[in-house]
Asker: 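First the structure, then my questions, so here it is.
Hydrogens, waters and symmetry mates play no part in the numbers below; they use all other heavy atoms, side chains included.
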Amino acid sequence: MELLLDKDIYNKELMESISNKSKEALTILYENTSSQVYGFALSIVKNHHLAEEIMQETYIKIYNSASSYKEEGKLMSWILTIVKNLSFMQLRENKYKINTTDDYINNIQDSHNGFKEKENKMLLEIVLDILSDEERQIVILYAITGLKHKEISEFLNIPLSTILSKYNRALKKLKKHMEVIIHD
């Protein structure tokens, strides 16, 4: 069964199943959203182990509070709000200031298909290192979770024009950095 995050009827049935403690429904949700959840958590905490922990906590929270999901918004936005809250809570609790290292990037688990290729790991390392927190979140939300700029604007509570300019600025930074790497 394929998860269609933009199909309201399917999401309603899926969330009802999860609220009735269906582990199969939770597995379907996990299989279809774990890369996005992991990527967004990683964009905030910049630490593989914390991102994994946040991802696990996210699905536990979804399982335990599926009945509180309101159909007014998009399911993915609701999930990413949980990720964001857990990520910032984890940062506050641990007061982490994480540096990315080669070991850190190379230890990213292959279960996250979007990050298993060597080139993708290298790009992820660059994104984590050279972009500001806000730019990194915008790029990750757009590239990995598939949210539209308008949805990112609403999700982060930042004007659309600011999202677009920060996204374009981030892409220019990445392109410039990649050009330097290629010429070296």
Asker: Could Lys21 and Tyr63 be counted as a cation-pi pair, given that NZ or CZ must be under 6.0 Å from the ring centre and within 45° of the axis?
Answerer: yes

Asker: Measuring only between side-chain heavy atoms, which start at C-beta, is Lys84 closer than 4.5 Å to Phe88?
Answerer: yes

Asker: Are Ser35 and Tyr38 close enough that some pair of their side-chain heavy atoms sits under 4.5 Å apart?
Answerer: no

Asker: Please say yes or no: joined through hydrophobic side-chain contacts below 4.5 Å, possibly via intermediate residues, are Leu29 and Ile60 part of one cluster?
Answerer: no

Asker: Between Val139 and Leu164, is there shared hydrophobic-cluster membership here, with clusters defined by ILVMFWY side-chain heavy atoms closer than 4.5 Å?
Answerer: no

Asker: Contact between Glu93 and Gln90 at the side-chain level, heavy atoms closer than 4.5 Å - yes or no?
Answerer: yes

Asker: Side chains of residues 153-160: which donor-acceptor partners sit under 3.5 Å, not counting sequence neighbours?
Answerer:
residue, atom, partner, partner atom, Å
Ser153, OG, Ile158, O, 2.5
Ser153, OG, Leu160, N, 3.2

Asker: Can you classify the ring geometry of Tyr142 versus His149 as parallel (below 30°), tilted (30 to 60°) or perpendicular (above 60°)?
Answerer: parallel

Asker: Side-chain contact, heavy-atom cut-off 4.5 Å: Tyr30 with Ile62?
Answerer: no

Asker: Should the heavy atoms of other residues, nucleotides or ligands under 6.0 Å from NZ of Lys173 be counted, would the total exceed 12?
Answerer: yes

Asker: From Thr33 OG1 over to Met55 CE, what is the distance, rounded to the nearest 0.5 angstrom?
Answerer: 9.0 Å

Asker: Looking at every non-hydrogen atom in both residues, tell me the closest pair between Leu14 and Ala25 and how far apart they are.
Answerer: CD1-O, 3.5 Å

Asker: With sequence neighbours excluded, tell me which residues meet salt bridge (Lys or Arg N to Asp or Glu O under 4.0 Å) with Lys166.
Answerer: Glu134

Asker: I'd like to check the salt bridge (Lys or Arg N to Asp or Glu O under 4.0 Å) partners of Glu57; sequence neighbours left out, ordered by chain and number.
Answerer: none

